[in-house]
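Throughout, a chain's letter reflects where its sequence line sits, starting with A, and its residues are numbered from 1. Just so we're clear, the structure is a prediction, and the values are computed from it rather than from any experiment.
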Amino acid sequence: MDFILQPWPWYVAGPLIALVLFLMFYFGKKFGVSTTLETFCTLSGANKLSNYFKNDLKTQKWRLFFAAGIFLGGVIAANFLTPNQSVNLNPDTVLEMASLGFADGGKTFLPKEIFSLEALLSVKGFLILIGAGFLIGFGSRYAGGCTSGHSITGLSSLQIPSLIATIGFFVGGLIMTWFLIPLIF
Amino acid sequence: MKNIKLLILGILFGIVLSKAEIISWYRIYEMFKFQSFHMYGIIGSAVVISFFLMQLFKKGIIKDEAGNKIKIEEKEKDFKRTFFGGTIFGLGWALSGACAAPLFALLGYSFLPAFIVLIGAILGAFVFGLVSKKLLN
């Protein structure tokens, strides 16, 4: 049982993600998560403001179940399967984090400099959280998919638009990590 | 009943995202700094295995549970859209350390801050929906 409690290596996680994709298609659905954000908009009444959100909720209901499952999976993993939250980072990464002011690089999943109540309650911290979320939601819908829809489903079915989107994900990610994060923190 | 299967599949996915540390902000930072193979190994092996699955779907060797041929939706060939949208998404991915699915799993680890990111993501999808006609012509 011990291996379940240890962090899972890439060669376990990658095939399991492919299994999730397989079962998703087997169940007659598709592997894509960012569309769920639109479903939340429709649920919140956005369909009254824009035709864009006029979806038949009945055909989208499965997305809410899948998202609820991911949340429950997180709760189960957090409470029962992760006795030690330290992340075995590259020592160079830890040093770089320290020079940016991140005190405990890799001691927990999430840096307290971003994901703590204290950070959330500061103006800057709140803007970082809500702003990062906004970029994820806006960008993934503009691109027509996120990591699951483009980088996994799209790339594995050899679709050029998904390759372009994945290149875009990296262009944005590299700009943020190499240039903007040192400015923000 | 049909939806219960998707709930269980979601639980499996959420556990994988958590246990492989895909939801860890640091893992995403490390990936964009090219300081670890971990994330590349995960995405790469998932893509390679899925490639073979896609072939089996396309040839009709594997059908869905209702016995229908599995069709893979063609993504829209609008390169401006996928590139600029992708870049915006990438900025958010690297800043929050989470893409769409990990956001839901993160609620189990750091409820309130992750909830704010999720609210931001829903707002972002909402604003995109409002301006989509202008952006996409």
Side-chain angles (χ1 to χ4, degrees), chain A residues 8 10 13-14 16-18 20-22 25 28 33-34 37-38 40-41 52 62 65-67 69-75 77-78 87 90 93 106 109-110 115 120 129-130 132-143 146-147 155-157 159 161 164-165 168-169 171-173 176-177, chain B residues 3 6-7 10-11 13-16 18-21 24-26 30 32 35-36 38 41-42 45-47 49-51 53-54 64 70 72 75 79 82-83 85-92 94-96 99-101 104-105 107-110 113 116-117 120-122 124-126 128-130:
Chain A
W8 295 358
W10 64 266
L16 281 174
I17 291 175
V20 172
L21 172 139
F22 169 74
F25 282 104
V33 180
S34 66
L37 300 170
E38 284 176 6
F40 277 115
C41 292
Y52 182 86
W62 66 271
F65 279 84
F66 187 61
I70 298 174
F71 164 63
L72 284 176
V75 171
V87 181
N90 183 330
T93 310
F109 274 11
L110 303 167
F115 287 91
L120 167 64
L129 290 167
I130 199 128
F134 189 92
L135 293 168
I136 296 170
F138 188 93
S140 61
R141 292 329 303 150
Y142 191 7
C146 61
T147 328
L155 283 188
S156 67
S157 55
Q159 301 202 42
I164 308 278
F169 297 167
V171 169
M176 178 56 72
T177 303
Chain B
N3 287 323
L6 285 146
L7 183 83
I11 292 176
F13 191 39
I15 291 176
V16 174
S18 306
K19 285 303 302 173
E21 300 171 338
S24 166
W25 188 93
Y26 295 107
E30 204 184 32
F32 284 127
Q35 286 168 334
S36 162
H38 186 75
I42 292 173
S45 60
V47 169
I49 298 169
S50 302
F51 167 76
L53 290 171
M54 295 293 177
D64 73 10
I70 296 172
I72 311 300
K75 292 278 185 190
F79 297 126
T82 42
F83 182 75
T87 303
I88 295 169
F89 172 80
L91 290 167
L95 181 57
S96 72
C99 47
F104 296 105
L107 293 172
Y109 282 80
S110 169
I116 301 299
V117 186
I122 294 170
F126 173 64
F128 173 74
L130 294 185

Asks: List the atom of A/L110, the atom of B/W25, and the distance in Å for their closest heavy-atom pair.
Replies: CD2-N, 3.9 Å

Asks: Find out whether B/F13 and A/L16 are in side-chain contact, i.e. whether some heavy atom of one side chain is under 4.5 Å from a heavy atom of the other.
Replies: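 The answer is no, as the side chains (C-beta and beyond) never meet within the 4.5 Å cut-off.
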
Asks: Who wins among B/L107, B/D64, B/L91 for the most heavy-atom pairs under 4.5 Å with chain A?
Replies: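 Sorted descending by pairs with chain A, the first entry is B/L91.
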
Asks: To the nearest 0.5 Å, how far apart are OH in A/Y142 and CZ in B/F83?
Replies: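 Here the interatomic distance stands at 11.5 Å.
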
Asks: Taking side chain as everything from C-beta outward and backbone as N, CA, C, O, which of these in A/L120 sits under 4.5 Å from a heavy atom of chain B? Side chain, backbone, both or neither.
Replies: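 For A/L120, the contact with chain B is made by the side chain alone.
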
Asks: If we ignore hydrogens and angles and just use 3.5 Å, is the side chain of A/E38 paired with the main-chain N or O of B/F126 as donor and acceptor?
Replies: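 Pair absent, no side-chain N/O of A/E38 close to backbone of B/F126.
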
Asks: How long is the gap from CG on B/N3 to CH2 on A/W62, to the nearest 0.5 Å?
Replies: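 It comes to 10.0 Å.
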
Asks: List the atom of A/G14, the atom of B/S45, and the distance in Å for their closest heavy-atom pair.
Replies: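 That closest heavy-atom pairing would be CA-OG, 3.2 Å.
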
Asks: Measuring from atom CZ of A/F134 to atom OG of B/S96, what distance do you get when rounded to the nearest 0.5 angstrom?
Replies: 14.0 Å

Asks: Checking heavy atoms, do the side chain of A/I136, its backbone, both or neither come under 4.5 Å from chain B?
Replies: both

Asks: Taking all non-hydrogen atoms of both residues into account, name the closest pair between B/E30 and A/N90 and its distance.
Replies: OE2-N, 2.8 Å

Asks: With side chains defined as the heavy atoms from C-beta onward, is the minimum distance between B/L7 and A/F66 less than 4.5 Å?
Replies: no

Asks: Flag the pair A/C41 / B/I122 as yes when at least one side-chain heavy-atom distance between them is below 4.5 Å, and no otherwise.
Replies: yes

Asks: Contact between B/I42 and A/I17 at the side-chain level, heavy atoms closer than 4.5 Å - yes or no?
Replies: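 When only atoms from C-beta onward are counted, A/I17 and B/I42 do touch, with a gap below 4.5 Å.
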
Asks: Working to the nearest 0.5 angstrom, can you tell me the gap between B/S50 OG and A/F22 CZ?
Replies: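 Here the rounded value is 11.0 Å.
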
Asks: Using heavy-atom distances under 4.5 Å, tell me whether B/L53 contacts chain A through its side chain, its backbone, both, or neither.
Replies: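 Side chain of B/L53 only, per the 4.5 Å heavy-atom cut-off to chain A.
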
Asks: Would you say the rings of A/F109 and B/Y109 are close, in the sense that their centroids are separated by under 6.0 Å?
Replies: yes

Asks: Between A/Q159 and B/K75, is there a donor-acceptor pair closer than 3.5 Å when you use the side chain of the first and the backbone of the second?
Replies: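 At least one qualifying donor-acceptor pair exists.
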
Asks: With chain A as the partner, which of B/A94, B/S36, B/C99 has the greatest number of non-hydrogen pairs under 4.5 Å?
Replies: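 Answer, by heavy-atom pair count under 4.5 Å with chain A: B/A94.
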
Asks: When rounded to the nearest 0.5 angstrom, what distance separates CZ in A/F25 from CD1 in B/I72?
Replies: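 One gets 4.0 Å once the value is rounded to the nearest 0.5 Å.
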
Asks: From A/L155 CG over to B/F51 CZ, what is the distance, rounded to the nearest 0.5 angstrom?
Replies: 12.0 Å

Asks: Between A/F138 and B/F128, is the ring-ring contact (aromatic ring centres under 6.0 Å, His included) condition met? List the steps.
Replies: CA-CA 5 Å; A/F138 188 93; B/F128 173 74; 5.6 Å; yes

Asks: Hey, are the side chains of B/F89 and A/L135 touching, using non-hydrogen atoms and a 4.5 Å cut-off?
Replies: no

Asks: With a 4.5 Å cut-off on heavy-atom pairs, point out which of B/G120, B/A100, B/G108 contacts chain A the most.
Replies: B/G120

Asks: Counting only heavy atoms closer than 4.5 Å, note whether B/I70 contacts chain A via side chain, backbone, both or neither.
Replies: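 Interface part for B/I70: side chain.
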
Asks: State, with a plain yes or no, whether a side-chain heavy atom of B/M54 is found less than 4.5 Å away from one of A/L21.
Replies: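 Yes, at least one pair of side-chain atoms sits under 4.5 Å.
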
